[in-house]
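For reference, the structure discussed in these notes is given below.
Computed from a predicted structure; not experimentally measured.
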Amino acid sequence: MKSCQGRICQVFTGTLDYAALICPHCEGEEKEAIIRWGFTSCLILLNDVSEYQTYLRLKKRRFFCQSCNRSLVVKTSPVEKHCLISTKVKLSIADRLRKTTSMSEIARQKKVSVSSAYRVLKQFYELKKINRLTLPEILCLMNLNQLSKSRIL
């Protein structure tokens with residue numbers, strides 16, 4: 001147990017390292033062109049374990065391609081690229097969005113921001129857009145002359 005962001009949390013640590021075979025940018029397959037370029041670390045939010053906020057502190061291997069002079073980072077399966085919320089947390093948020101609970105309450109329960117919960121909503125569910133420029137397919141019209149004659153009788 002560690003104190004993380006002012007709360008008591010569980011933090012698991014890990015290192016992800018393997019040899020890069022090809023550069024995704026220039027697709028150069030020269031093994032000498034891709035060199036190890038240190039590590040980068042990230043703190044990935046996981047689902048709660050025993051009611052404690054849980055993180056994975058992951059050190060990912062960086063590589064540098066000498067052919068195109070660009071760096072690359074190892075891909076991970078628990079998270080999408082450029083994201084620090086695991087896919088299991090996103091699935092849990094999407095499941096809770098099906099129930100009648102406010103988005104701010106779901107965000108508080110899963111320890112994410114409301115905008116992150118909204119991004120999950122847009123990712124998993126299609127939002128209905130109402131087109132106000134056209135009339136609906138079925139339109140109910142009443143003849144006001146007949147309505148006024150029926151009231152007189």
Side-chain angles (χ1 to χ4, degrees), residues 1-140:
M1 301 289 170
K2 293 182 181 180
S3 178
C4 182
Q5 299 176 354
R7 299 180 184 138
I8 297 175
C9 304
Q10 280 187 317
V11 180
F12 298 101
T13 57
T15 303
L16 183 62
D17 188 12
Y18 64 83
L21 301 176
I22 62 169
C23 174
H25 305 292
C26 66
E27 297 181 6
E29 295 186 14
E30 300 175 26
K31 290 187 178 181
E32 296 82 27
I34 299 175
I35 58 173
R36 292 182 177 193
W37 203 250
F39 286 97
T40 183
S41 64
C42 58
L43 193 65
I44 300 169
L45 177 66
L46 302 174
N47 278 325
D48 292 354
V49 175
S50 299
E51 299 297 321
Y52 287 106
Q53 195 169 355
T54 308
Y55 290 99
L56 172 63
R57 186 176 306 279
L58 187 63
K59 286 176 58 177
K60 299 190 282 188
R61 171 64 72 182
R62 292 181 63 209
F63 295 99
F64 183 76
C65 178
Q66 294 176 335
S67 298
C68 63
N69 291 328
R70 294 179 76 173
S71 64
L72 55 133
V73 180
V74 174
K75 292 182 181 178
T76 58
S77 59
V79 293
E80 296 172 2
K81 189 175 182 180
H82 303 297
C83 188
L84 297 178
I85 300 172
S86 71
T87 52
K88 291 193 177 189
V89 172
K90 288 183 178 182
L91 289 172
S92 176
I93 291 170
D95 183 50
R96 290 178 188 225
L97 284 169
R98 293 186 324 166
K99 301 172 184 140
T100 55
T101 309
S102 69
M103 199 171 298
S104 58
E105 179 63 22
I106 293 170
R108 189 190 61 75
Q109 290 172 356
K110 299 310 289 178
K111 281 112 178 142
V112 296
S113 66
V114 177
S115 61
S116 294
Y118 183 70
R119 270 186 251 122
V120 170
L121 173 70
K122 289 194 314 188
Q123 180 182 357
F124 286 96
Y125 300 105
E126 182 180 326
L127 298 176
K128 292 186 178 182
K129 294 182 181 177
I130 300 172
N131 190 357
R132 301 273 184 202
L133 299 176
T134 61
L135 292 173
E137 292 179 16
I138 302 171
L139 187 61
C140 180

In a table with atom names and distances, give each donor-acceptor pair under 3.5 Å that connects a side chain of residues 40-52 to protein atoms at least two apart or in another chain.
unit_1, atom_1, unit_2, atom_2, d
N47, OD1, K110, NZ, 3.1
D48, OD2, K111, NZ, 3.1

*Please work out whether the ring planes of Y18 and F63 are parallel, tilted or perpendicular, with thresholds of 30° and 60°.*
tilted
*Heavy-atom closest pair, residues R98 and Y125*: CG-OH, 2.9 Å
*List the steps, then state whether side-chain contact (heavy atoms from CB on, under 4.5 Å) holds for C68 with C23.*
CA-CA 9 Å; C68 63; C23 174; 3.7 Å; yes
*Please confirm whether the backbone N or O of S113 pairs with a side-chain atom of Y118, one donor and one acceptor, at under 3.5 Å?*
no
_Close side-chain approach of R57 and Y55, heavy atoms under 4.5 Å_ = no
*Using a 4.5 Å cut-off on heavy atoms from C-beta on, say whether the side chain of F64 contacts that of L72.*
no
*At what distance, to the nearest 0.5 angstrom, does CG of L56 lie from OG of S86?*
9.0 Å
*Evaluate whether atom CZ of R36 has more than 12 neighbouring non-hydrogen atoms of other residues, nucleotides or ligands under 6.0 angstrom away.*
yes
*What distance separates I35 CD1 from Q66 CD, expressed to the nearest 0.5 Å?*
4.5 Å
*Should R96 and T101 count as side-chain neighbours, where that means a heavy-atom distance under 4.5 Å?*
no
*Is F124 close to L97 at the side-chain level, that is, under 4.5 Å between some pair of heavy atoms?*
no
*asked:* Restricting to non-hydrogen atoms, name the atom on F39 and the atom on D17 that form the minimum distance, rounded to 0.1 Å.
replied: CZ-OD2, 4.2 Å
*asked:* Counting C-beta onward and ignoring hydrogens, is there a side-chain heavy-atom pair between S92 and K88 closer than 4.5 Å?
replied: no
_When you compare the side chain of F12 with that of Q10, does any pair of heavy atoms fall below 4.5 Å?_
yes
*Quick one: are I106 and K99 in side-chain contact, heavy atoms under 4.5 Å?*
no
